[in-house]
Number of protein chains: 2
Amino acid sequence: MAEEAKINEPSFQDRIYRELRQKIMLGDLTPGQSLTLRGVAESYEVSMTPAREVLRRLAAEGALIVTNTGRFMTPILSNDRLEELAALRGLLEPEIAARALPRAHLTLIDRLQLINSRISQAVIQKEPISYVQANLEFHRSLYLRAQAPAILALVENIWLQIGPTMRNLYEKVGVNETPVHHLSILAALKSGNESELRLMVRTDVTKGLRMLTR
Amino acid sequence: MAEEAKINEPSFQDRIYRELRQKIMLGDLTPGQSLTLRGVAESYEVSMTPAREVLRRLAAEGALIVTNTGRFMTPILSNDRLEELAALRGLLEPEIAARALPRAHLTLIDRLQLINSRISQAVIQKEPISYVQANLEFHRSLYLRAQAPAILALVENIWLQIGPTMRNLYEKVGVNETPVHHLSILAALKSGNESELRLMVRTDVTKGLRMLTR
DNA sequence: ACACTTCTTTTGTGATCACATTTAATAATG
DNA sequence: CATTATTAAATGTGATCACAAAAGAAGTGT
């Protein structure tokens, strides 16, 4: 019985979902941008069926909002909601970082330093999308070590919601500073100082959003 | 121009979604129970289209899992995942409760006490579903006052994920005790003691789940 | 220039179908 | 009786269509 390795070829909707999700999380879509069934169906060369499932799925995750007439668009976050989401990041990410701390070995730290240099590059070259991407990769690489998929899912859920707005933020304000807090995070990881790690993660994730809410 | 009040009649999928979501959250479905497109379509007397969108939406929210062959079922939570979800409740619910504290007036407290008596009733009459329902209503009534929809959404998201498992817990262990911590929560609300409120909410929400993970 | 109406286009919803894959039920074999 | 092979039923995916509601465009009149 020659069991072939199942390719488990991803379905259309899986592929489209991942691509759109990535676009939203990295800020490739601006707040309030509307997406239509036939629009995404056409741009991905599929029928309406996969397109609608993807849009509804993204809406269920908060990445899109559904207007009262059934249209889909990226959310326009009020200041109150942005404050909430920042608070959630400040609550969840220190926790998952602390859980990753005991498992953070040198291999990981090296990788984080590498990603950090990519962030600095993106700052210099003023590429907001690369900046966001590398920044999220820094955090995700750390959090993956926590072996806490449920927490990570909520964290990424929030990243999804703030994606379009973050893009706007970085375009307006610009990214002037190299990620200083990331260095503190790395230091705390090396020394195994949990409370310091929690504090640095919290300030790092709330810093960027605070400057927008006022 | 006689603007009629828009009824905004909910679509099929909205109605089905709400009913199924409620069933899952209250533990009306057992862990590992599978749902099929044609099954729910038939039981709600609609075509496959609304049914599939509802199932996918619930899957996106973590209320259902999708097997690697595309089937839908309620999740069977491992101990690790249950611990994570308990930790998330212990992290999020004290925060949102604290935000509700300044706005918790007597009207609300009276309502909470009324709900509390319903909980005691459900305990006496050994009705686990009513118990879960009243218990969640107690928490939700409080959290609604926080005016923090983003946080509340995450909290309810977690309730959804643990719904079927909670039902199993209460059937096995039984609900012996009246909600003692709720009284402490009410006391903290009356006295305006935030740190006490946070502590009591945390212990209340983690207590039930801890007894299952070991 | 502006408000209001009318008409055209766009859009989401639900239904139905065909197809491939998976699950189960049944039969066959040792 | 247990195991494997075969067949039948069930299931998710994607496509297409009809339809009503909404959004946008074009007039229309003041």
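Note on naming: letters A, B, ... go to the chains in the order of the sequence lines (proteins, then strands), and numbering restarts at 1 for each one.
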(request) Rounded to the nearest angstrom, tell me the gap between atom CG in A:Leu37 and atom C1' in D:dG14. (result) 14 Å
Please table the atom pairs, donor to acceptor, closer than 3.5 Å between any side-chain atom in residues 47-59 of chain A and protein atoms at least two apart or in another chain.
unit_1  : atom_1 : unit_2  : atom_2 : d
A:Ser47 : OG     : A:Thr49 : N      : 3.3
A:Arg52 : NE     : B:Glu53 : OE2    : 2.8
A:Glu53 : OE1    : B:Arg56 : NE     : 3.3
A:Glu53 : OE2    : B:Arg52 : NE     : 2.8
A:Arg56 : NE     : B:Gln13 : OE1    : 2.9
A:Arg56 : NE     : B:Glu53 : OE1    : 3.3
A:Arg56 : NH1    : B:Gln13 : OE1    : 3.4
A:Arg56 : NH2    : B:Gln13 : OE1    : 3.2

(message) Quick one: does any side-chain atom of B:Thr74 pair with a main-chain N or O of B:Gly32 as donor and acceptor, under 3.5 Å?
(response) yes
(message) Strictly distance-based, threshold 3.5 Å: is any side-chain N or O of B:Arg118 a donor or acceptor partner for the main-chain N or O of B:Ala134?
(response) no
(request) Starting at atom CD of A:Glu45, determine the distance to atom P of D:dA15, rounded to an integer number of angstrom. (result) 11 Å
(message) Check whether B:Glu84 reaches the backbone of A:Ala150 with its side chain - one donor and one acceptor, N or O, closer than 3.5 Å.
(response) yes
(request) Report the residue (A:Arg71 or A:Arg38) whose heavy-atom-nearest nucleotide on DNA chain D is the more 5′ of the two. (result) A:Arg38
(message) Any salt bridge linking B:Glu83 with A:Arg99? Criterion: basic side-chain nitrogen under 4.0 Å from a carboxylate oxygen.
(response) yes
(request) Tell me which residues in residues 46-67 of chain A put a heavy atom below 4.0 Å from DNA chain C, sorted by number, or none. (result) A:Met48, A:Arg52, A:Arg56
(message) If I take atom CD in residue B:Glu42 and atom P in nucleotide C:dT16, what distance separates them, rounded to the nearest angstrom?
(response) 13 Å
(request) Indicate whether OP1 or OP2 belonging to D:dA23 is found under 4.0 Å from a side-chain N or O atom of A:Thr69. (result) yes
(request) Side chain of A:Gln13 only, please: which of D:dG12, D:dT13, C:dG14 is the nearest? (result) D:dT13
(request) Write down the distance between CG (B:Asn68) and P (C:dT21), rounded to a whole number of angstrom. (result) 15 Å
(request) Let me know the distance between CE of B:Met73 and P of C:dT22, rounded to the nearest Å. (result) 15 Å
(request) Please state how far atom CZ in A:Phe72 lies from atom P in C:dG12, giving the value in whole angstrom units. (result) 7 Å
(message) Taking A:Arg81's backbone N and O only, do any of them form a donor-acceptor pair with A:Ser78's side chain (distance below 3.5 Å, no angle check)?
(response) yes
